[in-house]
Each structure stands twice: as structure tokens, then as C-alpha cells.
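Because the structure is a prediction, the values reported are computed rather than measured.
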Amino acid sequence: AVTAYSGTRPIVADSYNGTYRLRESGRGNGIETYDMNEGTNYGNAVDFEDADNYWDNVNAQQDEVATDAHWGAESTYDYYWLEHGRNSIDGNGLALRSYVHYDVAYANAFWDGQRMTYGDGNGSWSPLTALDICAHEITHGLTSYTADLIYANESGALNEAYSDIFG
């Protein structure tokens with residue numbers, strides 16, 4: 001896959017209905033990456049698709065950031081598995097779902113308790129799908145399944161710090 005921030009990287013995608021999509025089932029219960037099409041309703045998200053499984057999706061919509069998010073989730077899963085023996089963020093293989101192109105000119109990324117969401121930036125900020133940001137958001141999920149640090153005051157600062165450190 002051609003990514004926006006990390007060059008060309010190997011990813012796993014699945015074959016579905018004669019095309020390929022950013023889903024894989026070899027890590028935990030899967031890693032999936034969806035296109036929000038600048039919307040905010042997760043139910044309207046669609047698969048990113050590629051005809052030949054060579055993800056050179058560099059275009060005006062910046063779809064190459066989807067492969068950053070997908071590769072970032074795979075890499076972060078692999079780190080926690082290989083270095084800490086952890087099967088995804090909940091220890092039981094929780095599927096890691098990334099949603100890219102969230103809202104219009106949204107300059108942030110976040111973990112909402114279920115998934116990672118990435119905005120495209122706002123002109124001052126580029127799309128927020130670099131590896132350190134992906135790992136940061138996934139680590140918020142890990143923290144919610146382990147320490148469950150309340151996101152306020154000192155515990156919120158620790159939550160943010162752990163995500164920064166592991167990111």
C-alpha cells in the first residue's frame with residue numbers, strides 16, 4: 001500500500017465480490033478501515049475498495065490516508081502482540097476498526113470507546129493518520145480495557161501520557 005506518511009508498506013486486505021477492501025482477519029478478530037466520506041454517521045461508512053490489491057489510492061480525496069490508518073492498526077496490533085503477548089486491546093482479540101475522512105475539515109483523531117476515528121485536517125493540519133497518531137488512539141482503547149483511567153484531571157493526564165508514550 002502507498003501511504004501518505006510511511007511510504008509503501010505491506011498490508012493485508014481481503015478479497016470480496018471481485019474487489020479488495022481494507023479488512024483482514026488474521027490479527028485477533030480483525031482489522032477494518034472504513035470511509036466516512038466526510039460524514040459523522042458511522043452507519044453510513046463504506047469500505048475502501050481496490051481492483052488489484054495494490055493500494056496506490058493517492059487522489060484528490062487523500063484516500064492514501066486510509067492505508068496509513070490500516071497499516072497503523074496492523075502495526076500497533078503487532079507491537080502489542082509481539083512485545084506484550086496481548087491479543088488486541090481487550091486481550092481477547094477485539095476487532096480494531098478505523099474510520100477515516102470523518103466530518104469536514106475536522107482537525108483531530110479520537111477513540112470513542114469502540115473505534116478509532118480520523119479527521120482530514122483543516123488546511124493548517126494535515127490528515128491525522130500517521131503511525132504515532134494511530135498507535136496513540138489505539139492505546140486509549142487499551143487503557144480503557146485495562147486501567148480504565150477516567151479522562152479527567154490527573155487520571156486523564158496519565159491516560160493521555162500513556163497514549164503519547166506508546167504512540
Side-chain angles (χ1 to χ4, degrees), residues 1-14 20-36 42 45 47-48 50 53-58 62-102 106-121 125-151 154-167:
V2 176
T3 70
Y5 301 111
S6 298
T8 301
R9 297 294 180 164
I11 63 167
V12 178
D14 76 353
Y20 296 90
R21 60 190 181 170
L22 292 177
R23 296 191 194 190
E24 69 116 313
S25 59
R27 291 169 170 96
N29 291 317
I31 293 175
E32 305 168 0
T33 305
Y34 298 98
D35 188 351
M36 294 290 290
Y42 293 97
D47 282 303
F48 285 95
D50 188 80
N53 206 27
Y54 179 74
W55 292 83
D56 56 345
N57 52 339
V58 178
Q62 297 182 301
D63 286 341
E64 66 271 20
V65 300
T67 49
D68 271 299
H70 196 74
W71 178 72
E74 289 178 338
S75 297
T76 304
Y77 177 94
D78 290 349
Y79 167 76
Y80 282 120
W81 176 251
L82 295 171
E83 297 300 322
H84 303 285
R86 188 158 187 90
N87 183 9
S88 193
I89 59 178
D90 68 345
N92 293 310
L94 181 76
L96 298 178
R97 293 185 177 93
S98 299
Y99 291 80
V100 178
H101 299 316
Y102 177 82
Y106 188 77
N108 209 344
F110 60 90
W111 161 260
D112 69 0
Q114 299 177 38
R115 65 198 140 226
M116 290 73 64
T117 302
Y118 303 98
D120 286 334
W125 292 88
S126 297
L128 297 155
T129 56
L131 177 58
D132 61 327
I133 296 171
C134 294
H136 174 103
E137 297 309 333
I138 292 168
T139 301
H140 277 305
L142 177 94
T143 300
S144 70
Y145 280 100
T146 55
D148 196 23
L149 297 171
I150 305 300
Y151 200 78
E154 290 87 357
S155 60
L158 287 171
N159 186 323
E160 204 53 47
Y162 290 132
S163 290
D164 285 343
I165 291 163
F166 282 97

Euclidean distance, [Y] [atom2] relative to [X] [atom1], rounded to 0.5 Å:
X	Y	atom1	atom2	result
Leu158	Leu149	CG	CG	6.0 Å
Ile133	Asp164	CD1	CG	10.5 Å
Glu137	Ile89	CD	CD1	11.0 Å
Asn92	Arg86	CG	CZ	8.0 Å
Arg21	Asn53	CZ	CG	12.5 Å
Tyr5	Thr129	OH	OG1	5.0 Å

Practice task
Would you check, one step at a time, whether the test side chain to side chain contact (heavy atoms under 4.5 Å, CB included) holds for Trp55 with Val2?
Solution key: CA-CA 6 Å; Trp55 292 83; Val2 176; over 6 Å; no
Can you give me the closest heavy-atom contact between [X] and [Y], atom names plus distance?
X	Y	result
Gly72	Ile138	O-CD1, 4.4 Å
Asp63	Phe48	OD1-CE2, 3.6 Å
Trp71	Pro10	CD1-O, 3.4 Å
Asp68	Ala4	OD2-N, 2.5 Å
Gln62	Asp120	OE1-O, 4.5 Å

Problem - Check: Tyr42 ring centre within less than 6.0 Å of Tyr34 ring centre - result: no
Are [X] and [Y] packed together at the side-chain level, in the sense that at least one heavy-atom pair is separated by less than 4.5 angstrom?
X	Y	answer
His70	Arg23	no
Ser88	Leu96	yes
Leu22	Ile11	yes

Handout entry: Trace of the side chain to side chain contact (heavy atoms under 4.5 Å, CB included) decision for Asn57 with Glu64
Key = CA-CA 5 Å; Asn57 52 339; Glu64 66 271 20; 4.2 Å; yes
Problem - Pair Tyr77-Asn87, side-chain donor/acceptor within less than 3.5 Å - result: yes
Practice task
Go through the steps to decide whether Arg27 and Asp78 satisfy the test side chain to side chain contact (heavy atoms under 4.5 Å, CB included), and finish with yes or no.
Solution key: CA-CA 8 Å; Arg27 291 169 170 96; Asp78 290 349; 2.7 Å; yes
Practice task
Look only at the side chain of Ser163 and the backbone of His140, and say whether a donor-acceptor pair between them is shorter than 3.5 Å.
Solution key: yes
Exercise for the section: Would you check if the side chain of Glu74 reaches a backbone N or O of Ile31 as a donor-acceptor pair within less than 3.5 Å? Expected result: no
Handout entry: Set of side chain to side chain donor-acceptor pair (under 3.5 Å) partners for Tyr54, sequence neighbours left out
Key = none
Exercise for the section: Going by the side chain to side chain contact (heavy atoms under 4.5 Å, CB included) test, name the single residue among Thr143, Asp148, Ile150 that passes it with Asn159. Expected result: Thr143
Fill in the blank from the handout: ring-ring contact (aromatic ring centres under 6.0 Å, His included) test vs Phe110 passes for just one of Tyr151, Tyr118, Tyr102, namely Tyr102
Problem - Chi angles and distances behind the ring-ring contact (aromatic ring centres under 6.0 Å, His included) call for Tyr106, His101 - result: CA-CA 8 Å; Tyr106 188 77; His101 299 316; over 10 Å; no
Handout entry: Trace of the side chain to side chain contact (heavy atoms under 4.5 Å, CB included) decision for Phe166 with Leu142
Key = CA-CA 10 Å; Phe166 282 97; Leu142 177 94; 5.7 Å; no
